[in-house]
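Numbers here simply count residues along the sequence, with the first being 1. Only heavy atoms go into these numbers, but all of them, side chains included; no hydrogens, no water, no symmetry mates.
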Amino acid sequence: MNRKRKLASPVQPRSGPLPSDPHEIVFYKDSAGVLPAQEFIDSCPETIRARIRETAITVAASPPNRFSGGGKWEAMHGAMSGWFEIRIDGTPSRTHYRVYCLLDYEAAGAVKPYLVLVDGRKKPFRTTLAPSEYDKVKLLGGRYLSSKDRSIG
């Protein structure tokens, strides 16, 4: 009796980066070549800049969906659902520094998923940003995501 053995189908190579992969940190670049998040970070006091960069590096390596950073990396809710923020609080000036980020798993040709730093804002302690400020951030994110060839720097 000659029976053919059914061979297991070959493992399909993955087609792109996964959320569980470490992320590459990139900055959104606008049509004028400006990197809004980088400009914001550069405008912060040196100690705040260092803490923002340290948090971004730690989050990207974790990767973001596994990072539990004691309030330094938070998923946003409501109108900002789908966004994340790096949260650094300054002392003694009692100022909140926020860098608004997107996670991108669909960038063409990306080997790693992107942790995209889009823009930043600062605000006094225990205050909220005006909805119009969030709208400005979301507009930049929409421009980034609408481009097949992601504009990064």
Sidechain N-carboxylate O distance under 4.0 Å for E133, K136: yes
Spacing of NZ belonging to K122 relative to CD1 belonging to I48, to within rounding of 0.5 Å: 10.0 Å
So, using side-chain contact (heavy atoms from CB on, under 4.5 Å) as the criterion, who are the partners of P63 when residues are at least two apart? H23, N65, R66
Cluster overlap I152 with Y100, hydrophobic side-chain contacts below 4.5 Å: yes
Grab the two heavy atoms, one from F67 and one from S62, that are nearest each other, plus how far apart they are. CD1-OG, 3.3 Å
What pairs of residues pass the salt bridge (Lys or Arg N to Asp or Glu O under 4.0 Å) test when at least one of them lies in residues 23-47, not counting sequence neighbours? D42-R53
Could you check whether any side-chain heavy atom of L145 comes within less than 4.5 Å of a side-chain heavy atom of R150, counting everything from C-beta outward? yes
P17 and V111 have their tightest heavy-atom pair at CB-O, 3.9 Å
Sub-4.5 Å side-chain heavy-atom contact between I86 and V59: no
Identify every side-chain donor-acceptor pair in residues 74-84 under 3.5 Å, counting partners at least two apart or on other chains, and give the distances.
| from | atom 1 | to | atom 2 | distance (Å) |
| --- | --- | --- | --- | --- |
| H77 | NE2 | A75 | O | 3.4 |

So if you build clusters from Ile, Leu, Val, Met, Phe, Trp, Tyr with side-chain heavy-atom gaps below 4.5 Å, do V34 and V137 land together? no
For F27 and A37, the nearest pair of non-hydrogen atoms, with its separation, is CD2-CB, 3.9 Å
Both conditions, 6.0 Å and 45 degrees, for the charged tip of R121 above the ring of F40: are they met here? no
Looking at every heavy atom in both P19 and Y105, which two are closest together, and how far apart are they? CA-CE2, 3.2 Å
Say whether V99 and L129 are linked into one hydrophobic cluster, either directly or through other cluster members, by side-chain heavy-atom distances under 4.5 angstrom. no
Go through it in stages, so that I can follow the logic: the residues are L103 and L115, the test is side chain to side chain contact (heavy atoms under 4.5 Å, CB included), and I'd like the CA-CA distance, side-chain angles, deciding distance and then a yes or no. CA-CA 5 Å; L103 303 178; L115 168 56; 3.7 Å; yes
4.5 Å side-chain heavy-atom contact, L102 and Y114: no
Rounded distance [0.5 Å steps], CG in L35 versus CG in D119: 11.0 Å
Could you state whether Y28 and L117 fall into the same hydrophobic cluster, counting links through intermediate Ile, Leu, Val, Met, Phe, Trp or Tyr residues with side-chain heavy atoms under 4.5 angstrom apart? no
Taking R98 first and then D89, would you say they form a salt bridge - that is, a charged N and a carboxylate O separated by under 4.0 Å? yes
Do you know the tightest heavy-atom contact between L140 and P36? CD1-CG, 4.0 Å
Same cluster for Y144 and L139 if Ile/Leu/Val/Met/Phe/Trp/Tyr side chains link at under 4.5 Å? no
Is atom NZ of K138 surrounded by more than 12 heavy atoms (other residues, nucleotides or ligands) closer than 6.0 Å? yes
With rounding to the nearest 0.5 Å, note down the distance linking CZ in R51 to CZ in R87. 13.0 Å
